[in-house]
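The sequence lines fix the lettering, A, B, ..., with proteins before strands; numbering per chain opens at 1. All values below were derived from every heavy atom in this structure, side-chain atoms included, with hydrogens, water molecules and symmetry-related copies excluded.
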6 protein chains.
Amino acid sequence: MIRHDGRAADQLREVKIVRQYTRYAQGSVLIQTGNTTVLCTAMIEDKVPPFLRGSGKGWISAEDDMLPSANAHRRIRDRNKNKIDGRTMVIQRLIGRSLRSVVDLTKLGERTLWVDCDVIQADGGTRSASITGAYVAVVDAIQFLMDRGSIKEWPIKAAVAATSVGIFNENSLLDLCYVEDVEAAVDMNIVMTSGGEIVEIQGTGEERPFTEGEMQELIALGKKGLQQLFQMQKEALNQ
Amino acid sequence: MIRHDGRAADQLREVKIVRQYTRYAQGSVLIQTGNTTVLCTAMIEDKVPPFLRGSGKGWISAEDDMLPSANAHRRIRDRNKNKIDGRTMVIQRLIGRSLRSVVDLTKLGERTLWVDCDVIQADGGTRSASITGAYVAVVDAIQFLMDRGSIKEWPIKAAVAATSVGIFNENSLLDLCYVEDVEAAVDMNIVMTSGGEIVEIQGTGEERPFTEGEMQELIALGKKGLQQLFQMQKEALNQ
Amino acid sequence: MIRHDGRAADQLREVKIVRQYTRYAQGSVLIQTGNTTVLCTAMIEDKVPPFLRGSGKGWISAEDDMLPSANAHRRIRDRNKNKIDGRTMVIQRLIGRSLRSVVDLTKLGERTLWVDCDVIQADGGTRSASITGAYVAVVDAIQFLMDRGSIKEWPIKAAVAATSVGIFNENSLLDLCYVEDVEAAVDMNIVMTSGGEIVEIQGTGEERPFTEGEMQELIALGKKGLQQLFQMQKEALNQ
Amino acid sequence: MIRHDGRAADQLREVKIVRQYTRYAQGSVLIQTGNTTVLCTAMIEDKVPPFLRGSGKGWISAEDDMLPSANAHRRIRDRNKNKIDGRTMVIQRLIGRSLRSVVDLTKLGERTLWVDCDVIQADGGTRSASITGAYVAVVDAIQFLMDRGSIKEWPIKAAVAATSVGIFNENSLLDLCYVEDVEAAVDMNIVMTSGGEIVEIQGTGEERPFTEGEMQELIALGKKGLQQLFQMQKEALNQ
Amino acid sequence: MIRHDGRAADQLREVKIVRQYTRYAQGSVLIQTGNTTVLCTAMIEDKVPPFLRGSGKGWISAEDDMLPSANAHRRIRDRNKNKIDGRTMVIQRLIGRSLRSVVDLTKLGERTLWVDCDVIQADGGTRSASITGAYVAVVDAIQFLMDRGSIKEWPIKAAVAATSVGIFNENSLLDLCYVEDVEAAVDMNIVMTSGGEIVEIQGTGEERPFTEGEMQELIALGKKGLQQLFQMQKEALNQ
Amino acid sequence: MIRHDGRAADQLREVKIVRQYTRYAQGSVLIQTGNTTVLCTAMIEDKVPPFLRGSGKGWISAEDDMLPSANAHRRIRDRNKNKIDGRTMVIQRLIGRSLRSVVDLTKLGERTLWVDCDVIQADGGTRSASITGAYVAVVDAIQFLMDRGSIKEWPIKAAVAATSVGIFNENSLLDLCYVEDVEAAVDMNIVMTSGGEIVEIQGTGEERPFTEGEMQELIALGKKGLQQLFQMQKEALNQ
């Protein structure tokens, strides 16, 4: 057995997607991937950042945070350190880019979707769960805008989801949990559209560099998991 | 009908207390009071703040925050404003004092209980829900320490819970929800022990000052609600 | 003798109120309560915070600080810690609310009174002295506006003052000095109008919770002191 | 008449120096120079900054601030701007250097004198008043250490005082008040020892550069004022 | 002609690497890639971050910044915004990881190499130039440690360099300059070792997602450029 | 030999001034004074600070910083300390005042010249080198505005340059390098116009106060060096 939780190398953890988890956000999704739990919300604001004012174009802005109790060791809140954690910054830029890549921002009109991904419990794969869940929250917020007549044409071009893959003990594994992630020699995050195209790929040789062959193998493994995630998003959205 | 949600003047909203809501904190409680939802966790750290080092005494430190999506208008994260919100500061000091008042800190040993109250959804009464839920999380964390043999004697002297009362349209009401709270002429928070003694009382004449007679009436109303909250804490703890 | 400075349990410390202590603020009051000294100023700014713009209503905003040398141990300035002290935040919100409760803000017109309470020397009761002195400074600033013809109708509805009471060595005491305050089992601040109504009451069981009977006794003691403070404010204002 | 307050070009404003103005600092001096008022305190801390630990040498550290109500326009507190004002930074470094220049720090032992200069009212010349007053506070704090037996040998080598001079409407003036300072073409601060030597000289051509001849004239004027300030310090100290 | 500066699609800009550009850092390299200029320094500190103390292992920490005048529009310094730019944070983490991947940190001993990459002039590709130049600075700093006898065994396992590739007007281009980078549909950074293995790959579909086929083509193009960069590093190091 | 680098007491270090060192700033000057290297740039922004809006007057704003690797001990970046270094603040105010003193700001029109002085390598005299080099950058930026027709009349009234002088081992020395500066008993910076007038003079008795006679001697020495610096500025500008 190569994985401590008994999964096969190419097996995702169990995923649950709950919509309308909270009341006030136009999109509100709780996503669980094994023991990782993220609340992804999408809220509408009827203005855009300065660089888009007057452009007729909208924006999607993402923020990411983790509750102090999400891990075994309590995390100090960013506000008490007077700075935003570097990892947080990297992740929230990735989430924003991923979502923007599948939405036609000109059809969104001059408004911002504020996406918040707050990690309730963390067992690896929080950025992947955030993107996968946030997509569903964005669909709900956009449906809200359609229902209200604020936008005329459906602006979403494809679904987007993410997963992690990595090399752990010289095995290529899909959907790393925390203990696997920490000790992985190579770590890769793949963000894809439901059309099978890559939105973002980030591969890091944490313990050692990796060959192009290993990269191909990891990408194939990731694609397999992503097909299942797109299916779960569809089911959650009753599409 | 004096309340928009149909409650009687002396009626609490429905309360749900779920223990072990997350995995990593020694105490983890989700409390819902109507549409207000707070995740209260208690985590153990085996050291104390500088002023207690070498004293043999423990400490309980509380922090309070609210997710950006908890309200109808998205809240900007404190970290992006480079300061902690004044209201947050007031509330977290109150939570810490309330919990410390019912725990014998010398029996806790030189360790800190970090209590985090993160508001997932806010419809008024978040500080009361936080105190009421955090007490349950503290009991679980202390039970964990007892089970592990880290503390010898049960340090909790009484239960503690809180509720809000106020004067709205010249009616004295128990457990204000957001729309009542915003327009209340007088607003009072009462923190009590299960022994019927006051831990903290904060009454504010938001729209007008109030008489001693009004104060007595509000306190009586609060006590009525608190008796029910103590009962719910006991049930949640199977005591 | 129950008090180290020889006072009776129901006796205030000596109070001095000096008006026009500095030249540039429209109201400038130095208040001394025993060894506690606070400079309370009120300055007029002809604009209001964003949430009141265009409302025709005014605002009173209070800030509170303490000189580094006010105590026996030098206090580090907030600016060097990159954050505002939690206690400061709590106090300045209280001062602002207390003053706003006795002023008809619609009669003030769209302007802000900036009230600054800077503690020169601290021996307990700084927030009470601040409120009591700031009221006098506000009267002077409003008189200035009346004299200049900027406001037509006297907007002050009543005087406001504050005092502290507490239980120390099982005695209920009026107007705690620092050594009493630090060791008090119960600590209460009462803000009242000259009409005898409560603006704010904050009671805390620092060492133990307290009964309703104790609360009544403390309130009665506070009211006794407050009657004297209203008299001193009148004398200072030659009313 | 060349000065709006009727002074001669070479005349200081009236100076008052009150010792023991507050109770807790070992040295506490209120200095008034015309309408400029500064509270200068010196407090002893029995440790030194890291770069002096183990050296047997002491340190004098100065901080400077201004109350919000000190001027006709309310000043925003540094803590609310999340940064220390540049002018404050310049001034407090000057005060510290000036005081250190007349104290033998090796005789002070490994301790820090914390000097705080808080401007209560500002009408020009605050940095000069701060240095002149702070010297007296430092003498008192050092006398306290001598009396307590903490230091054996008197470490003060000379008195130090400061004044401003400037060219206003082509007249060389001593001790500029605010309206003169703001419109001065040339502005100079001179810090001297009672031995007649220069500790610090800072001359700035605010409106136009100045000649060496003008500089000589300003220095001569400053020395005249400084002789009087040294005399007043002696009288205040009963020397 | 597909590129505005006349280069072929697979052509690097001219690269210059100057060692010992400044005097005080143990490694100091100015790298120019076309109009992009970065000063890369490596300085030795004889201690490690807390998580490595006592481990016998060393660390490489990288920081990245850009002069205000590096671009056509002046950049506001991070210190004036009280926060570190998100892009800066992402880049400096990448530089650190890339350098650590080719150094055996256990052979480095308990010391830190501080690598600073300060962009003097920016015309795209600053992160690639930083990594490529910083490697040379690290070699010089490690040679300094070898010469001084501080480390016994050569800890560098391979060279590391980086380049950017992207799809611009549907052409795959090597080494994007600023105007190409801003308008690229797809943007990829590749960090490789001289052994031909991947240390980090980050591909982003800025304007549209991309296929695996496009990814392969971009990687091939990048490898071609990287072979030349390794050669230039060797020449600069006289290896 | 009184100076460790063999210079005569009244001898400047070798100075090099390179114009157009970088491409994007309208003025860009690299100045080297011995081992001190500063990049001085001047960039044009077509707006002014709030206090000048609508005045028709321009402004010159200076900022100063030092690369982490400029000294033998790595300097922590200000952004990581969340505050601007006090010394930096003092220096950048001095640079701004010095440049403004020789430019007729009304002829500049409502625009700001942003002057950035970034120290690449520091061996004493960085503020003097910054002022001397920044003047040349300002001339180039203003020439750019003249050539573009944005300003009609040449606004520069004189050249401005700076040097340091000091007393080291009881010798008066011109142009102190770092080791001299650190141990100088007296330290003076003189900013002068090419017309021979003083813009700013700052003399500090670091180790001991100094006499007026010593001051005269230092000024004479400084003037000698400044004559040479004005000559070098002219040559650099081909005037």
A.B. asks: Please determine, among B:Met43, B:Arg74, B:Glu45, the option with the most heavy-atom pairs under 4.5 Å with chain A.
C.D. replies: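 It is B:Arg74.
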
A.B. asks: Which atoms of B:Asp116 are under 4.5 Å from chain A, going by heavy atoms: the side chain, the backbone, both sets, or neither?
C.D. replies: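 Both backbone and side chain.
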
A.B. asks: So, for A:Asp65 and B:Arg79, which heavy atoms are closest and what is the spacing to 0.1 Å?
C.D. replies: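 Taking every non-hydrogen atom into account, CG-NH1, 3.3 Å.
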
A.B. asks: Could you look at B:Thr41 and say if it's the side chain, the backbone, both or neither that has a heavy atom under 4.5 Å from chain A?
C.D. replies: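 For B:Thr41, side-chain heavy atoms alone lie under 4.5 Å from chain A.
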
A.B. asks: For residues A:Asp78 and B:Asp78, determine if any side-chain heavy atom of one lies less than 4.5 Å from a side-chain heavy atom of the other.
C.D. replies: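 Result no, sub-4.5 Å side-chain heavy-atom pair not found.
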
A.B. asks: Working note: A:Leu39 + B:Ile120, criterion side chain to side chain contact (heavy atoms under 4.5 Å, CB included); need CA distance, chi angles, decisive distance, verdict.
C.D. replies: CA-CA 9 Å; A:Leu39 175 57; B:Ile120 306 287; 4.1 Å; yes

A.B. asks: With a 4.0 Å cut-off, would you call A:Arg77 and B:Glu63 a salt bridge?
C.D. replies: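 Salt bridge flag = yes for B:Glu63 with A:Arg77.
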
A.B. asks: Could you check A:Asn35, A:Asp123, A:Thr37 and say which one makes a side-chain hydrogen bond (donor to acceptor under 3.5 Å, both in side chains) with B:Arg23?
C.D. replies: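 Output: one option passes, namely A:Asn35.
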
A.B. asks: So does B:Lys157 have more than 12 non-hydrogen atoms from other groups sitting under 6.0 Å from NZ?
C.D. replies: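 Buried by this count: over 12 neighbours within 6.0 Å.
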
A.B. asks: Quick check for you: to the nearest 0.5 Å, what is the distance between B:Tyr21 atom OH and A:Gln121 atom CD?
C.D. replies: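 It is 9.5 Å, given to the nearest 0.5 Å.
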
A.B. asks: Surrounding OH of A:Tyr24 (heavy atoms of other residues, nucleotides or ligands, distance under 6.0 Å), is the total greater than 12?
C.D. replies: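 Count over threshold, so yes.
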
A.B. asks: Taking CD in A:Gln239 as the centre, count heavy atoms belonging to other residues, nucleotides or ligands within less than 6.0 Å. Is the count above 12?
C.D. replies: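 Yes, the 6.0 Å shell around CD holds more than 12 heavy atoms from other groups.
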
A.B. asks: Do you know which of A:Ser69, A:Ala122, A:Ala25 has the most heavy-atom pairs with chain B at a distance under 4.5 angstrom?
C.D. replies: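 Option with the greatest count: A:Ser69.
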
A.B. asks: Measure B:Ala42 against the heavy atoms of chain A and call it side chain, backbone, both or neither at under 4.5 Å.
C.D. replies: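 Neither part, no heavy atoms under 4.5 Å.
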
